[in-house]
Structure formats: structure tokens, C-alpha cells
Amino acid sequence: MVLVLFVLCLMLPGFFFIGDLRLSPARLLLLIVFVPLLIRLVSGGAGRLRAPDVLLMLFMLWMQVTLIFHHGLERLPYAMISVVELLGGYLIGRTLIRSEADFVLFFRTVFWALLALTPFVVLEFLTDRNLLQEVSRQVMPTFFKGESSSGRLGLNRVMAGFEHPIHYGLFCAAVFGPLVAIFGRKGFRQIALVLFLGFMTFASLSSAPLLALAIQIALMAWAWMTGGRWRFLAVSAATLYVLVDVLSNRSPVTILINHITFDPNTAWTRINTWEFGSAEMWRHPIFGIGLNEWVRPRWLTPSVDNFWLLNGMRHGVVGAVLMIAALAASFWSVMAAPGLAKDTANWRRGYLFSVFAVYMTLGTVHIWGGLSSFVLLLVGAGMWFCDAGNRAHLEPAAPDPKTRKVASGAYSRFPIRYKRPPKAPEMAVCQDFDMRRSNFDVDIVNNRPGVGMSRSRSRGPDRKVQE
């Protein structure tokens, strides 16, 4: 229920204030469930604590330290709500998605939510009229399009219920891989799903979401053509990066940004933001600069369109390392999960494509609000893969009518095949013959019948019959 409610809350474009604290429907839900879900994680209710859990909580603690260091208790409400927003989103995915059924339910809810948004998206895309915001504005304040959300290519950028068109587009792109893996069977359904999600992402007219979508499609094409030769791909990509860096007078990142953005001015701004922002981060490697202004030329905008860089600037290199380590550990844990069934492994591959694309895209955009919670939810939503292989191994197989369980307790799940022994021949009756021991015993080890006047049994299925 919380999963469904959270997805629905993300679609509501409104907010309200309690004192100086701005709350949205998604933030309010996170405030309600934060403590119970945190207790559930720490107490082992969602499996044992793993490295991503610990690293992410350490980052949240360090974020509190840096903000208090720079601003005292003045910014404590902001610090607390940031923890609820980021860690709360992770907790929803980490503790409430613990099985195949939960995973499918979550992405099915996202799909139906996108399907319900389609008429509103088409209307805004063609007419620039956001009907969702118009309705929400009758009840509570809502978002407005700024100058950065102006139309492109003669069309209008869609933001639907999100705070920016980039956020809406990244939301659509982030679920592309799992939705195609779970519901996109071969044939018409797969083509229709790809076209639908492609249009919903394109409606944002933002280069970052389209980059995330292109990365996932490229990875899917590589997997289909090569059967998943990922080491070769990684080595090739690293080699190409080094060659471009050596032979060109511009860095590979600069070249990539120049070619993937709709507006050349946007690319130029991002490149300069990286240069001056990274210098600011290294000037304050421990505690960062908090929420203070950063040193830059007057002509450079104060906005930092880089999630990784902004965390490093605000919370120092220490904070950036903790955040990157937490998300990288989550990715590695899911990728290394053993013993998955074929369908589950296919879902994992689509999920990893999506997460990898989002990680790459966060180097060109910053996320906040509901989308930041959703991205951390997506990170936590894959942790159940780490335990899926163990559960599949421990579940007993379907009973076989040709097998028989010969022991109880710990060994009762191991059936042992046996042949029915031949009928015992008639024997003469004698005084020293105990009829209670005249039945033929089963030699389980050698799979043959044997007659025993006395026998000793050892515990478990490896018991032998002494003849």
C-alpha cells in the first residue's frame, strides 16, 4: 500500500507549509513511515544490514555534521527533512520490496501511473497547458515553469506533476529498463512499450533524460548482439576514453556534453560549472561549504547541474565519497547476486541498465524533491536481488511421487530414491527366531535389499544396515 501511495503522491503537483517547512504529499508520507521503516531495517526485518545501508546512513550523518558546522541549528529543519527525503525514499525500496511480487507490483503501479498521465502529457506537450497544476492550484500552491523550462523545437516541455521538465523526463527514463524486462515480451508488446516510454521521455525535451534512455537502449542492443560481453565493453570504453583524452585538446566529458545538449549555451555553462565547482570542492575537502555561496565568476549561474559535484561542494570530498560509495556498493551487490532464476536474472539486467543510466545522467543534472526520493527508492528497490538466490535455493522442490523421505528434521528436505524390495520368502518357524525382525530392510546406500537379524541406524540419510 505504501508503494502505491508513494507513486501516486509523486504525481500530485502541490505543496504546503508547516511553519517555515515546505511539505509535499510525498514528503508527508515519508515523514509518517520513516521511523517504522528505519526500525525495520536496523532490526533485520528486511534482511541483514549490508554495506550500502551503512554507507548511506553514514552519509546522512555526515550531512548533518556539515550543515551544523556551517549554519548551527538554523538549518537543522532543512537537514532533517533532507534525511527524510533521501534516506526515506531508500527505506521504502529497501524494506518494502523484498520479493518478485513486490518488485512487479511497484513497476506495474509506475506503468499504470504513466498511462494515466498520458492525456495530460499530450495536452501540455501540444498546448503548454498543465491541467494537473491547474486543478491542484485550486487546493494548494503548486509549481510554475521557469525560464529554463521554455519550449524547444517548436514544442512545449512537459513537467506534469514534477518540479521541472528534467525531473519528469528522468522519472520516465529511470523505469525504462525494468518495465521492458518485466512486461516487454517479444513482439508487439515490447515494441509498443518501447515507443510509449520513448515518447513519454521525449516529451520533456531534455537532453539528460534522453541520454539515460539512449544508454539503456545501447546496453540492451549490446546484450542482444554479443550475449553480454561486458568486460570487453568496459575495456573498449576505457581505451576509447584514454585515446580521446590523449589525441584531443578537450576532455572526453567536454566533448560528450557539447554533443548531447539541445542548447550549446547549456553545455558551455555545465563545463564551466564543473571547472569552478570542482575547484571549490577541493578547497574545502572535509566539511565543504554547506549552503553558502560558492566562488565563481559573475557571469556564471549559481545553479549547479551536477548531483555528484553539488554533494561534494556542500559536504566536502568526504561526503561525496560516502554517497558515491553507497550507490556503487548497491550496484555491485545486485550485480554480484548469485543463484538467480532465468526470469529474475533478466529483471536484474534491466534494472541495472536503468540504475547505471541514472548514475551517468546525474553528472549532468541535479535532483531534489520528489525525484530525489524516487531515485533513492530505485536504488533500494534492487537490494532484494541479493537474497533472491538464497531463497530460491532453500525452497524445497515439488514433491516427486517416485521419491520418499527417509529422515525427519534437518534432513527431511532431501528425498532418497529407493526400489521396493522383493517380497520376503516364507521362512520356517524356529524358537530362537524373532518374527518382529524378520522383515527385509532397505540398504539405502547401495540401493538394494538386505536381510538383517540385527541392525544399527545412524542419524540422517547416510545410515547403513549391518548384515
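- Aromatic ring pairs are classed by plane angle as parallel below 30°, tilted from 30° to 60° and perpendicular above 60°; the pair F331 and Y359 is tilted.
- W222 and T226 share a donor-acceptor pair across their side chains, judged by distance under 3.5 Å alone.
- Looking at heavy atoms from C-beta onward, D305 lies out of side-chain contact with T364 at the 4.5 angstrom threshold.
- In this structure, CG in L205 is found 8.0 Å from CG in N156, a value given to the nearest 0.5 Å.
- R348 pairs with exactly one of F385, F103, F353 by the side chain to side chain contact (heavy atoms under 4.5 Å, CB included) rule, that one being F385.
- By the neighbour-count criterion of 12 heavy atoms within 6.0 Å, atom CH2 of W299 is densely surrounded, having more than that number from other residues, nucleotides or ligands.
- Counting heavy atoms from C-beta outward, M323 and W308 have side chains that approach closer than 4.5 Å.
- A distance of 8.5 Å separates CG in L10 from CG in L377, rounded to the nearest 0.5 Å.
- Counting non-hydrogen atoms of neighbouring residues, nucleotides and ligands closer than 6.0 angstrom, the CE atom of M335 exceeds 12 such neighbours.
- Side-chain N or O atoms of N292 include one that pairs as donor or acceptor with a backbone N or O of I289 at under 3.5 Å.
- If you take OG1 on T201 and CZ on F196, they are separated by 9.5 Å, rounding to the nearest 0.5 Å.
- Here the side chains of F176 and I217 are in contact, with some heavy-atom distance below 4.5 Å.
- Using bins of under 30°, 30° to 60° and over 60° for the plane-to-plane angle, the ring pair F125/F199 lands in the perpendicular bin.
- The number of heavy atoms from other shown groups lying within 6.0 Å of CZ (R296) is above 12.
- Ring-centre distance between F287 and W62: below the 6.0 Å cut-off.
- The CG atom of L376 sits 9.0 Å away from the OH atom of Y90 when rounded to the nearest 0.5 Å.
- Each of V84, L86, L55 was compared with M60 under the side chain to side chain contact (heavy atoms under 4.5 Å, CB included) criterion, and only L86 meets it.
- In this structure a side-chain-to-backbone donor-acceptor pair under 3.5 Å is missing from S136 to T142.
- With a 6.0 Å radius and a threshold of 12 heavy atoms from other residues, nucleotides or ligands, L73 has its CG atom at or below the threshold.
- The environment of CZ in F276 is crowded: more than 12 heavy-atom neighbours from other residues, nucleotides or ligands sit within 6.0 Å.
- Separating the CG atom in L30 from the CG atom in L37 is a distance of 9.0 Å, to the nearest 0.5 Å.
- Heavy-atom neighbours of F188 CZ from other residues, nucleotides or ligands within 6.0 Å: at or below the threshold of 12.
- Contact check for L96 versus F106: no side-chain heavy atoms found under the 4.5 Å cut-off.
- In this structure, R98 pairs ionically with D387, as a charged nitrogen and a carboxylate oxygen lie closer than 4.0 Å.
- Geometrically, R229 engages F232 in a cation-pi contact, judged by NZ or CZ lying under 6.0 Å from the ring centre and within 45° of the ring axis.
- E124 has no carboxylate O lying under 4.0 Å from a charged side-chain N of R129, or vice versa, which leaves the two without a salt bridge.
- Rounding to the nearest 0.5 angstrom, the gap separating the OG1 atom in T344 from the CD atom in E100 is 4.5 Å.
- Atom CD of E134 has more than 12 heavy atoms from other residues, nucleotides or ligands within 6.0 Å.
- Under the 4.0 Å criterion applied to side-chain N and carboxylate O atoms, R22 and E163 are assigned as salt-bridge partners.
- Aromatic pair F143/F15: ring centres closer than 6.0 Å.
- Between E280 and R283, at least one side-chain N (NZ, or NE/NH1/NH2) sits under 4.0 Å from a carboxylate O, which counts as a salt bridge.
- The two residues S206 and R157 make their nearest non-hydrogen contact at OG-NH2, 2.6 Å.
- Few gaps surround CH2 on W230; more than 12 heavy atoms of other groups in view lie less than 6.0 Å from it.
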